[in-house]
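Structure record follows, encoded as structure tokens.
By convention in this document, chain letters (A, B, ...) are assigned in the order of the sequence lines, proteins followed by strands, and residues within each chain are numbered from 1.
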2 protein chains.
Amino acid sequence: MAGTGVGAEEAPRTDGKDTKEVILDAAERLFAERSYASVSLRELTAAAGVNLAAVNYHFGSKDALLLAVFRRGAVTLNKERARLLREAEARAGDQPPPVREIVEALVGPAIRASLTGTALSLYNQFYTLARAGGPPELREMLEKDVGHLQRFVTALTRALPHLPAEEVYWRLHLSLGVQHGSSNDLGRLATLSGGLCQVTDRDALVRRVVDYVTAGLTAPFDP
Amino acid sequence: MAGTGVGAEEAPRTDGKDTKEVILDAAERLFAERSYASVSLRELTAAAGVNLAAVNYHFGSKDALLLAVFRRGAVTLNKERARLLREAEARAGDQPPPVREIVEALVGPAIRASLTGTALSLYNQFYTLARAGGPPELREMLEKDVGHLQRFVTALTRALPHLPAEEVYWRLHLSLGVQHGSSNDLGRLATLSGGLCQVTDRDALVRRVVDYVTAGLTAPFDP
DNA sequence: GTCTATAGAGAGATAGAC
DNA sequence: GTCTATCTCTCTATAGAC
């Protein structure tokens, strides 16, 4: 892992991951487990099995590494969301897809990923922490980057034509809150329920969240 | 503000707040705006207008200060929640209160506070950040401290007798996620909606969240 | 591309005068 | 109870050998 100095530039490692990826994986995990500010590059590079100087060599700075982690996760996540939404729309033909299927495309990928060993597995927690504790550059990016949500606004507006635009935006906002919140505080939930509520089944959790969100989105509206 | 050395122990200041409170206020604000780890004691004491050494004198350590901020906010918040729930229960007599009123008691105080200048105004954000970025001691405390939620479990179980216990816990968990999420990412919501969605009215926001959460809690259940 | 060594800044905590 | 001065530690970032 610690490199040999052998091989050409960008040569793949024996384990199939180059140093950049190894660093990104470790950063995603550690930033998700604790906050960005509380993880040092020393700790991070040790966990990744690379040299301390490698982060600055490959990314330029700790801040730039954070942005890279974020970008990688966001791209993967939003591709998957878009794919699921496209499939739902194809199934529905000319009609808008059922709200339930739109919701599944919106919240499913992040929740499912948070319970697997994929690259996305920690992206949800990472997002929460980075948004709050990260550098201003990232916070601004998160505030401005809404392109990936536009297609969901469109889909929900078509599926819920009786709602004013403002209401659609608000309900979408709250729904994203449910998605983020669903994987936080699971320890507290286990304590509160005396161990009754444990996440054993990925799809069961997604179903719960989708049920809840669908109910919130389709709630009656009286101004 | 910077103290005069005059006066007896615990003497109130001219502005009515002693040093301890001034520090707690500044800490709550700064920890909420950025993360715990990224705010230095130097910055914090400067913002509070007290001496650098004051934090260690009054609280013992930076970690202990964080716990004190958390405790103060949690006590205030949960007293208010409990009061509202008690009132709703009194109004309902022998019957369980309407779900809507239980929800109002659960999520109202934190959201309302997040838009005022009270001591609680930043507690919501503070909670999110501290949970993730704070010291392990705090994280453990958050996981174990569920006493304040028990009365809400009881109330919801009575109001939603057709739901299995497990389902009640899960829906309560997701509802708390909505509450936390409602005040995050408001900048993104404004961007996404082209400025259409702004929080101008405290009560209007609470009403939106209560509507949404009530729908989620009362959604039909099919196992 | 990887590594060691270190510069330089900034952190939390404390001793001791007032 | 407040303040200055400072100790000690750790951090990010980089220069330069390999």
* Distance below 4.0 Å between B:Asn51 side-chain N/O and D:dG1 OP1 or OP2 -> no
* To do: Could you tell me whether B:Glu143 and B:Arg139 make a salt bridge, using a distance below 4.0 angstrom between a side-chain N and a carboxylate O?
  => no
* Less than 4.0 Å between a side-chain N and a carboxylate O, is that true for B:Asp203 and B:Arg112? -> yes
* Structure fact -> Whether each nucleotide of nucleotides 13-18 of chain D has a protein heavy atom under 4.0 Å at its base (B), only at its sugar-phosphate (S) or at neither (-) is summarised, 5' to 3', as BB----
* To do: Using side-chain contact (heavy atoms from CB on, under 4.5 Å) as the criterion, point out the one residue from A:Ile111, A:Val210, A:Thr200 that pairs with A:Leu205.
  => A:Ile111
* Verify the contact: side-chain N or O of A:Ser40 to OP1 or OP2 of D:dC11, cut-off strictly under 4.0 Å; return yes or no. => yes
* To do: Find out whether A:Leu66 and A:Phe126 are in side-chain contact, i.e. whether some heavy atom of one side chain is under 4.5 Å from a heavy atom of the other.
  => yes
* Asked: Roughly how many Å is it from CZ in B:Phe59 to C1' in D:dG1, rounded to a whole number?
  -> 14 Å
* Structure fact -> Correct closest heavy-atom pair for B:Val55 and B:Ser61 would be CG1-O, 4.2 Å
* Asked: What integer distance in Å separates B:Glu43:CD from C:dA9:P?
  -> 19 Å
* Asked: Between A:Glu89 and A:Arg86, is the closest basic N to carboxylate O distance under 4.0 Å?
  -> no
* Structure fact -> To the nearest angstrom, the CG-C1' distance between B:Leu65 and C:dA13 comes to 14 Å
* Asked: Looking only at side-chain N and O atoms, does B:Thr19 come under 4.0 Å of OP1 or OP2 in D:dG1?
  -> no
